Amino acid sequence: MVKNVPALGWNTWNTFGTNINESLILESADILVSTGLREAGYEYIVIDDCWSLRQRDENDQLVPDPEKFPHGMKYVADYVHSKGLKFGMYSCAGFMTCGGYPASYGHEYDDAKAFASWGVDFLKYDYCFHPCTVPGHILYKRMALALQNCGRDILFSACSWGADDTKIWIKETGANMWRSTGDINDSWASIKDLATSQLRALEYNGMGCFNDMDMLVVGMNAKGNVGFVGCTPEEYKTHFALWAFLGSPLMIGCDIREMSEETLALLKNKTLLRINQDTAYRQPFFCAKLERNPEKIVPGTDYYEKYPLETPILARFLDDGTVAIGIFNLTDSDATIWSATLQLDAIGLGEDTGMTLELTDAFTGEVRKVRNGCIHFRIPKHDCKVFIGKVVPAK
Ligand code: GLA
């Protein structure tokens with residue numbers, strides 16, 4: 001399935017792990033609608049690992065666990081569809097899923113057909129217990145082709161954690177998104193780790209095959225399967241802003257039946273979602289201060305080496321001529337408040353153009369015009385600023 005903006009939705013894994021069942025899915029579908037999350041764009045309800053019995057049946061078919069899903073998967077899919085949502089499921093390119101349930105290697109066509117017959121719209125495809133004699137790109141091609149011939153449009157969400165050079169071959173498969181990181185947990189350390197790894201791989205993101213930085217931990221508050229130590233409100237804000245800005249699919253991972261108003265407001269932030277869902281999908285870039293003698297890129301050296309990964313100032317050219325600006329303080333020192341300077345010539349808007357940016361703050365709505373080609377911000381640790389900049393005359 002071709003989808004030209006990152007997928008938005010909710011996934012069971014981060015909070016519920018193996019503890020999933022029909023009523024959880026039905027209730028969560030209701031909540032996506034009643035909270036306005038569906039209207040905001042979150043359309044996929046995805047059941048992750050641990051939904052089936054531990055063995056295939058006598059015909060080698062996957063069997064939904066009748067205790068967890070007493071009416072089967074078609075029933076769940078029909079309910080999800082009746083709410084105007086789409087339905088996602090999970091399997092794995094190996095012999096077993098990461099949780100030890102039967103997976104799809106050698107069963108790709110049967111499983112793709114089963115998913116299609118249940119009404120599945122999205123398949124997350126993991127990478128555990130795969131045969132070591134078959135390279136990753138073949139494993140993903142095997143299922144990709146089965147999905148493309150199963151008679152239903154099923155969005156392919158590859159989940160090989162960036163391993164085995166996924167970034168080089170993943171677009172060949174037709175996957176719409178690819179997990180470019182290891183698993184997240186609900187802590188600042190994990191958020192920072194995943195974000196900085198993505199800041200070194202901006203060129204591998206792109207239209208139609210989006211870097212999936214893993215499901216969101218926003219609003220988990222240390223509860224659930226990957227709960228761990230939890231995060232502060234600023235940390236969740238910066239996490240969501242980074243994932244949105246870097247074009248990751250946004251899969252909510254908290255228990256949406258119990259989320260706070262603050263969590264809901266963050267997940268529905270219009271400006272961040274607008275940046276994430278930009279239809280032009282252009283690569284984000286670092287706004288580095290221009291030096292008198294611009295550094296040459298020496299072949300063989302790391303292009304990203306010269307950029308500060310802990311204090312990135314990023315920009316993205318959006319589809320309507322505006323420019324998204326994101327300024328992130330990922331440093332961990334309590335003592336310093338980072339004095340960040342955004343220079344407009346670093347985005348291609350030198351003072352000699354006679355133009356400047358009018359910045360609208362994604363969180364407060366405040367509007368400010370940049371004067372004299374640059375603007376300063378003071379940003380505490382783990383916090384961020386995000387703006388949409390409109391190109392306007394300087395005078
Ligand atoms: C892997 C994936 C996770 C989740 C689990 C399920 O770790 O990366 O996102 O799907 O498997 O077992």
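Values in this document were obtained by computation on a predicted structure and should not be read as measured data. Residue numbers start at 1 and run along the sequence shown. Counting convention: from 1, in listed order, for ligands and their atoms alike.
Remark: ligand 1 atoms within the under-4.0 Å shell around heavy atoms of Lys124 are 3 (C), 4 (C), 9 (O), 10 (O). Short contacts between ligand 1 and Arg179, defined as distances under 4.0 Å to a heavy atom of the residue, involve ligand atoms 8 (O), 9 (O). Residue contact check: Trp161 has heavy atoms under 4.0 Å from atoms 2 (C), 8 (O) of ligand 1. Near Asp48, with a cut-off below 4.0 Å to any heavy atom, the atoms of ligand 1 are 4 (C), 6 (C), 10 (O). Annotation for ligand 1: atoms under 4.0 Å from non-hydrogen atoms of Cys159 are 2 (C), 8 (O). Each of the atoms 12 (O) of ligand 1 lies under 4.0 Å from some heavy atom of Gly99.
Tyr90 and Asp126 share a donor-acceptor pair across their side chains, judged by distance under 3.5 Å alone.
Tyr204 carries Lys167 over the face of its six-membered ring, with the cationic atom under 6.0 Å from the centre and within 45° of the normal. Seen from the ring of Phe285, Arg316 does not count as a face-on cation partner, given the 6.0 Å and 45° thresholds.
Every heavy atom of Thr97 sits 4.0 Å or more from the atoms of ligand 1. Residue Tyr90 places a heavy atom under 4.0 Å from ligand 1.
Counting only heavy atoms of the protein, atom 11 (O) of ligand 1 lies nearest to Asp126 OD2, 2.8 Å. The single protein non-hydrogen atom nearest to atom 12 (O) of ligand 1 is Asp49 OD2, 2.8 Å, given as residue, atom name and distance. Scanning all protein heavy atoms for the shortest distance to atom 8 (O) of ligand 1 gives Asp183 OD1, 2.6 Å.
Not one N or O on the side chain of Lys268 forms a donor-acceptor pair closer than 3.5 Å with the backbone of Glu39. A donor-acceptor pair under 3.5 Å is formed between the side chain of Ser260 and the backbone N or O of Thr263.
Ion pairing of Lys192 with Glu310 is present here, as a side-chain N (NZ or NE/NH1/NH2) and a carboxylate O approach within less than 4.0 Å.
Here the side chains of Lys124 and Met251 are not in contact, with every heavy-atom distance at 4.5 Å or above.
In terms of polar-atom proximity, defined here as any N/O pair under 3.5 Å, Asp214 makes no such contact with ligand 1. Ligand 1 has no N or O atom lying under 3.5 Å from any N or O atom of Trp13, backbone or side chain.
The residue from Tyr105, Trp161, Trp178, Phe156 that alone fulfils the ring pair (Phe, Tyr, Trp, His ring centres under 6.0 Å) condition with Tyr125 is Phe156.
Under the 2.5 Å SG-SG cutoff, Cys128 and Cys98 qualify as a close cysteine pair.
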